[in-house]
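As structure tokens, the structure follows; a few thoughts come after it.
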Amino acid sequence: KEFLVEISGTTVTITCPLNDESITWTSTGEKPETNDRRYTIDNHDSSPANISCSAGQKVYHMYLNAKVCANCEELDALAVTGIITADLLITFGVLILVYYFNKGKKGRPSPSAGSRPRGQKVQRPPPVPNPDYEPIRKGQREVYAGLESRGF
């Protein structure tokens, strides 16, 4: 059998697993003033406590380490699911809007701060070849005749 612990705000309610009518509670050295199956701690300060309930020879012990806060809100699974679903729908909506607004702007160059206006494209001549690296042409082999392959 187990204790039933309910937490709401700073109030902690503990239900003893015993079904007797007269139950004795002890809580970290103090004796609560209730003989019911339920023991309620108002304004719990989140400090750990050893709690036990007993009736006759039967004793049940529990270590209570409940974190409570006054400004907390409890959310059920349906509310959390709704929040996540709404967030995803809004995100996908924004993505679709951005896609459709930018759909026709693929080929256009974006204007930047330092850009100069462009005219028609002027065809450039080919670069001047470097005379040190000219390709060997027919009839010009004597220029390279002094170069012999080295044997390593």
Side-chain angles (χ1 to χ4, degrees), residues 1-137 149-150 152:
K1 295 183 176 182
E2 296 180 351
F3 285 90
L4 175 65
V5 179
E6 300 170 18
I7 301 171
S8 177
T10 59
T11 303
V12 178
T13 303
I14 306 164
T15 304
C16 183
L18 295 171
N19 289 328
D20 294 350
E21 294 173 10
S22 179
I23 295 176
T24 306
W25 290 91
T26 55
S27 173
T28 320
E30 66 183 55
K31 185 175 180 183
E33 299 177 7
T34 182
N35 290 337
D36 297 340
R37 278 190 70 203
R38 299 178 75 141
Y39 169 47
T40 303
I41 305 171
D42 293 320
N43 298 323
H44 184 58
D45 59 356
S46 297
S47 61
N50 288 317
I51 298 174
S52 63
C53 66
S54 61
Q57 297 294 327
K58 295 181 182 178
V59 178
Y60 286 94
H61 298 279
M62 179 182 77
Y63 179 74
L64 178 68
N65 191 8
K67 302 291 181 190
V68 298
C69 64
N71 299 328
C72 296
E73 283 292 325
E74 295 181 25
L75 293 176
D76 57 344
L78 185 63
V80 173
T81 305
I83 291 170
I84 292 172
T85 304
D87 182 36
L88 289 174
L89 288 174
I90 291 170
T91 302
F92 285 131
V94 169
L95 285 173
I96 290 170
L97 285 173
V98 168
Y99 173 76
Y100 280 116
F101 279 118
N102 290 322
K103 191 175 180 181
K105 297 182 181 182
K106 282 187 178 177
R108 298 182 199 158
S110 61
S112 58
S115 67
R116 56 182 171 86
R118 291 185 159 198
Q120 291 180 345
K121 286 189 175 181
V122 179
Q123 204 172 18
R124 294 182 180 162
V128 178
N130 189 342
D132 295 335
Y133 297 102
E134 283 188 30
I136 299 174
R137 295 187 191 111
S149 63
R150 297 181 184 173
F152 289 105

Open item on the list: Please check if the number of heavy atoms outside Asn43 that lie under 6.0 Å from its CG is greater than 12.
Closed with: no
TODO: Taking all heavy atoms of Cys69 and all of Thr10, pick out the closest pair and write down the distance.
DONE: C-CG2, 4.0 Å
Open item on the list: Could you check whether any side-chain N or O of Ser46 sits under 3.5 Å from a backbone N or O of Val68, counting only pairs where one atom can act as donor and the other as acceptor?
Closed with: yes
Can you give the donor-acceptor pairs under 3.5 Å from side chains of residues 82-95 to other protein atoms, not counting sequence neighbours?
residue	atom	partner	partner atom	Å
Thr85	OG1	Thr81	O	2.8
Thr91	OG1	Asp87	O	2.8

Task: Ile14 versus Phe3, closest heavy-atom pair with distance - done: CG2-CD2, 3.6 Å
- [ ] Nearest 0.5 Å please: distance from the CZ atom of Arg38 over to the CD1 atom of Ile23.
- [x] 12.0 Å
TODO: Could you grab the distance from atom NZ of Lys67 to atom CD1 of Ile7, nearest 0.5 Å is fine?
DONE: 11.0 Å
Task: Check against side-chain contact (heavy atoms from CB on, under 4.5 Å), Met62 and Val5 - done: CA-CA 10 Å; Met62 179 182 77; Val5 179; 3.9 Å; yes
- [ ] Could you tell me whether a side-chain N or O of Arg37 sits under 3.5 Å from a main-chain N or O of Cys16, the two making a donor and an acceptor?
- [x] yes
Open item on the list: Rounded at 0.5 Å granularity, tell me how far CD1 in Ile41 sits from CD1 in Ile51.
Closed with: 4.0 Å
TODO: Sequence neighbours left out, what passes side-chain contact (heavy atoms from CB on, under 4.5 Å) with Tyr63? Give chain and number order.
DONE: Pro48, Asn50, Asn65
Open item on the list: For Thr15 versus Trp25, what's the shortest heavy-atom pair and its separation?
Closed with: C-CH2, 4.3 Å
TODO: Over all heavy atoms of both residues, which pair between Ala55 and Leu18 is shortest? Give the atoms and the distance, please.
DONE: N-CD1, 3.6 Å
